[in-house]
Amino acid sequence: MRRDAATPAWDQLLALLDPVHDDAVLFARRIARSNADGDDLFQEALMRAAVKLPSLREPARFRPWFHQVIVSVHRSRARRGFWRRLVSSETPEAARQVAAQIGEDGSRAADARAGAESAARALAVLPAVQREAIVLYELQELTVEEVAEIQRTSISSVKSRLARGRERLRRHYAASEELVPPAIQEQVP
Amino acid sequence: MTEPWASDFRALREHSRQDAPSLERTRQFVLASAMTPETPKEKTMTFLKRRPALAIAIALALIAVLTPVAYAVVNKVFLSVDPDQSEEQIEEDVRRQLDEAGVPASEVKAEKEGNKLRIGIESEDPDAEFPELDVGVRGEGKRGETLEQNRVQVNAHCELGPEQMKALTDVVSSDEFLSPVINRERDRQSDAQVAAALREVLRRHGFAESEVSVSGQGVTVTINAPPT
């Protein structure tokens, strides 16, 4: 086999992936707890997509189909840790781990990195289905209908997930503010 | 009104673009994957082949609450599960049924392991009052063998911190705890004997102030005080 040639399935996958590649990479990174985790998620989704490609009936629908694969892999990964968790991940240790993972990616701007870390921590407290819905709608800027197709659920379920996710985010941010010592709060403009 | 996370999300949007893999890098990954002797398809088939048939299904509904909540049976909710479905299909199925029943479940996880099927349900609503869940098993499983299910419901009537909650869920999902439930027929144990065995497991793990009631294959655990 030539080193620069893939199998027909991989070739077909690459051709379909071309126009949606960057969007899919960003979705995987934003839904994961760090850019590195997101890249792993994306690669695992690629492997699964190569296996499942024959089930894609309409190549024109590759974009939502591939996002569905990413969601599926994301949930599989979340499932592995579920039985050990079953509690809120909103612990100081979890927050430190998330912050450390983001930090390893080497962001250039400290403020931007702090904001990204804060967003990653906030998203990490959401259940997987709410995190997906929030990322797809607010960060990927998809419509509710598109989110419903990717999550393979109804529009009303997506709206419910968005509402619950936002409410949980509000509680998280409110709790975070309460933890800031008064002396530091005063310095915040 | 601007949400408190608006600027953080803008930062995350930019951060996720930094050093993102290019299409060319992905192409290199794909080429490397295509050159490996074992293709993804072969891996999947091996995995399936090694997996034993699901002869006996055990549905374990674990319900975790994060703050004190009075136990109340609001309605009996019947969940129907087909153990022949994939984990994802079961999760979707249960999530849909809970949605329809108005049960505030934010996370549903199904996990097949050997001949067991475990279903975990976590609520996002700390003020939720959980209805009694009755998990029915659809499908026939393997001919000639019985489909069995056990249900464990956990209620905390006291304030538990994240670590204490984790310790609790670790105990009630452990083999040590589930073994007396699963093997009760084989060991010819009465409801009272099973309950006593479960209380002892909880006590060994620091949950001395706990109540366990066993009725048939349903187990209800009530934690009245944090672990010592």
Side-chain angles (χ1 to χ4, degrees), chain A residues 1 3-7 10 13-14 17-18 21-22 25-26 29-30 35 38-39 42-43 46-48 50-51 72 75 79 82-88 90-91 102 105-108 111-116 118-120 122 127-130 138-139 152-153 157 160 164 166 168-170 173, chain B residues 3-23 26-27 29-31 33-35 39-41 43-44 62-64 66 87-88 91-92 95-96 99 104-111 118 120 122 124-125 154 160-166 168-170 173:
Chain A
M1 190 185 290
R3 192 68 200 165
D4 59 347
T7 61
W10 283 113
L13 179 62
L14 278 173
L17 188 65
D18 194 342
H21 176 270
D22 292 354
V25 167
L26 292 179
R29 284 181 156 212
R30 290 165 181 169
N35 285 352
D39 293 346
F42 178 75
Q43 289 191 349
L46 268 182
M47 302 288 281
R48 192 177 290 188
V51 173
S72 173
R75 289 183 192 175
R79 183 183 299 121
F82 181 79
W83 296 102
R84 305 298 300 169
R85 188 171 66 85
L86 267 175
V87 292
S88 168
E90 210 168 354
T91 62
I102 292 285
D105 295 340
S107 172
R108 295 180 190 90
D111 287 348
R113 189 175 67 188
S118 176
V129 292
Q130 290 174 13
E138 301 221 0
L139 288 163
R152 289 188 251 209
T153 190
S157 285
S160 166
R164 289 175 179 178
R166 286 172 181 143
R168 199 154 175 162
L169 285 176
R170 282 185 203 107
Y173 275 88
Chain B
E3 296 286 7
W5 56 82
S7 64
D8 286 351
F9 274 22
R10 275 197 297 277
L12 179 62
R13 199 177 277 128
E14 288 311 308
H15 179 78
S16 59
R17 294 182 197 279
Q18 287 172 11
D19 303 319
S22 63
L23 181 61
T26 299
R27 187 181 295 277
F29 168 77
V30 164
L31 287 172
S33 301
M35 293 298 295
T39 66
K41 180 134 190 159
K43 281 179 187 166
T44 305
L62 281 176
I63 299 178
L66 301 177
E87 291 171 339
E88 273 190 9
E91 287 167 6
E92 279 298 318
R95 198 176 290 118
R96 180 186 55 75
D99 273 354
S106 56
E107 196 80 87
V108 176
K109 292 293 168 193
E111 189 172 274
R118 300 201 298 183
E122 183 183 4
E124 68 182 20
D125 183 356
V154 184
L160 294 178
E163 288 303 314
Q164 293 168 327
M165 199 66 205
K166 181 180 180 302
L168 173 60
T169 52
D170 279 354
S173 58

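Predicted model, so just to flag it, every value in this text is computed and none were measured. Naming convention: chains lettered A, B, ... in sequence-line order (proteins, then strands); numbering from 1 in each chain.
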I need the minimum non-hydrogen distance between [X] and [Y], along with the two atoms involved.
| X | Y | result |
| --- | --- | --- |
| B:Ala20 | A:Val25 | CB-CG1, 4.1 Å |
| A:His21 | B:Leu23 | CE1-N, 3.3 Å |
| A:Ala119 | B:Phe9 | CB-CD1, 3.9 Å |
| A:Gly115 | B:Ala11 | C-CB, 3.7 Å |
| B:His15 | A:Ala116 | CB-CB, 3.5 Å |

Side chain to side chain contact (heavy atoms under 4.5 Å, CB included) between A:Leu169 and B:Glu3, intermediate numbers included: CA-CA 9 Å; A:Leu169 285 176; B:Glu3 296 286 7; over 6 Å; no
Nearest-0.5 Å distance that lies between atom CG in A:Asp18 and atom CZ in B:Arg27: 7.0 Å
Contact origin within A:Leu139 toward chain B - heavy atom pairs under 4.5 Å: both
Which residues share a side-chain contact (heavy atoms from CB on, under 4.5 Å) with B:Ser16, sequence neighbours left out: A:Leu26, A:Arg29, A:Arg30, A:Asn35
Salt bridge (charged side-chain N to carboxylate O under 4.0 Å, His left out) involving A:Arg152 - partner list, sequence neighbours excluded: none
